[in-house]
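Reading through the structure tokens given below for one structure.
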2 protein chains.
Amino acid sequence: MLNYSTSEENYIKAIFHLQKQDGTVTTNELANELKTKPASVTDMMKKLKAKKLLNYQPYKGFRLNNDGTRVALGIIRRHRLWEYFLAEKLKFSWDEVHEVAEDLEHVSNKKLIDKLDEFLGFPRTDPHGDPIPDANGKIEISRKICITELPLHTVAIVSSVSDQSSEILELLEHKKITIGTKLEVKKKFDFDKSMEIRIGRHPVFTISDRLAQNIFVQSN
Amino acid sequence: MLNYSTSEENYIKAIFHLQKQDGTVTTNELANELKTKPASVTDMMKKLKAKKLLNYQPYKGFRLNNDGTRVALGIIRRHRLWEYFLAEKLKFSWDEVHEVAEDLEHVSNKKLIDKLDEFLGFPRTDPHGDPIPDANGKIEISRKICITELPLHTVAIVSSVSDQSSEILELLEHKKITIGTKLEVKKKFDFDKSMEIRIGRHPVFTISDRLAQNIFVQSN
DNA sequence: AAATGGGTTTAGATAAATCTAAATTAAATA
DNA sequence: TATTTAATTTAGATTTATCTAAACCCATTT
Ligand SMILES: [Mn+2]
Ligand SMILES: [Mn+2]
Ligand SMILES: [Mn+2]
Ligand SMILES: [Mn+2]
């Protein structure tokens, strides 16, 4: 296992996340994601290609290969285990963990991470409901769907939330929605795509399309 | 509170530790400590002087000022809290914690460290017996003396060990000496400076001068 | 007082990561 | 097919941290 610089790791992780949407990632997409400039991205892509972590032809975009994906999953494992530690053990709130984990994820000592995993009881998901890769880089394929796709009158369990800001946390806490909440969609309005939700036997209430877009439920 | 690079922090911490012996630290001493070259030290001393963390006149050595000392104590606080966490929670052994803490200490998020401190129950010393500075940078002045200085037939408590290698750990475990052990020196031999030690009512046994040099006891 | 030599600093080079501005390419439009 | 333009790459500079080799300072010895 080679070691990569903090900068290289940040690029690798960002490509991994952007790939999930499209097949191949473009220079501008990545520059935008990392708040850097396209020229810097091109430089780094040449370097990562030389290190055989991705496929890249000038002007044709890039995509992590098997080795690159393995490296990315290692970084994501570290990130999400630290997020779990911060929330569960240090009582950080949901929206605070990401920023700190951004730094901790770059301390890449295998024994540290495997012992941390054990200490935490081998958690399966981080505080945002995203799956944590195991020591071999295996990750659960999250069969999650957005509640905007959920059929009416079908009870489902909230499994993750894509936005991780304090603003969405405030709203979700107010609406008493959290990971694990069982809810069903009772009505959808075409006009503004808002919807009425019910949790258990509580009265129905309304959430905006903007919020609904960020709430995901288990689909199995 | 400004932030400093990993490299700057490593220099600051090393100066702090070297100062304890001498009054002022020399270029070669620091280069040797950090396994770098004297020219690199001079460059960094100019930078840290510009940042007003130390006193430095060409050819005259250097010494942290109040601000520099405050920064150093922050780094040492992080280092030792992580060492405690690794030993106490993740069950790392004594000689493994330092290396990992060398990386973790550079993640400088005040809330992270203060919550970690709380989670650990505000430990007063790290696994090697060295005091942990509190959130305000206050550190117990360790009134420790080496057992080579200890008068004969005086029971004392082992408070710290200066070498932190796996080799000394192996030997100390074999001799059943650990932090907290009550022992007394029964005899010293001029020829090789070896000494006979007694723990409680167990039979006396011999330790070398080389080992004795590294064992410190509380002196109060 | 002059010479010596170890410790220290300076000069100049290199590697990593970034940027701006200019050049280039490829795809869409005329 | 030629032109336009937006995305991308290249060229050249900058900052940080490091190094080697040469120059310099200064305390001790001749
Ligand atoms: Mn995160
Ligand atoms: Mn997360
Ligand atoms: Mn240590
Ligand atoms: Mn220690």
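- Heavy atoms of B:Lys60 sit nowhere under 4.0 angstrom from any nucleic acid atom.
- Aromatic rings of B:Tyr84 and B:Phe92 (six-membered ring for Trp) have centroids beyond the 6.0 Å cut-off, not under it.
- The side chain of B:Tyr59 lies closest to D:dC25, out of D:dC25, D:dT8, D:dT10.
- The 5' end of DNA chain C is approached more closely, in terms of each residue's nearest nucleotide, by A:Ser5 than by the other of A:Pro58 and A:Ser5.
- Distances were taken from every side-chain heavy atom of A:Ser40 (C-beta onward) to each of D:dT10, C:dT18, D:dC19; the shortest belongs to C:dT18.
- Counting non-hydrogen atoms under 4.0 angstrom, A:Tyr56 reaches the backbone sugars and phosphates but no base.
- In the set C:dT8, C:dT18, D:dT10, C:dT18 carries the atom at the smallest distance from any side-chain atom of A:Ser7.
- Here the nucleotide nearest the side chain of B:Thr36, chosen from D:dT18, D:dT8, C:dT18, is D:dT18.
- With no hydrogens or angles considered, a side-chain donor-acceptor pair links A:His98 and A:His79 at under 3.5 Å.
- Listed candidates were C:dT8, D:dA11, D:dT18. Nearest to the side chain of A:Ala39 is D:dA11.
- Distance from the side chain of A:Lys37 is smallest for C:dC19 among the nucleotides C:dT18, D:dT8, C:dC19.
- For B:Asn28, taking side-chain heavy atoms from C-beta onward, the closest of the listed nucleotides D:dT8, C:dT9, C:dT8 is C:dT8.
- Contact check for B:Ser160 versus B:Thr125: no side-chain heavy atoms found under the 4.5 Å cut-off.
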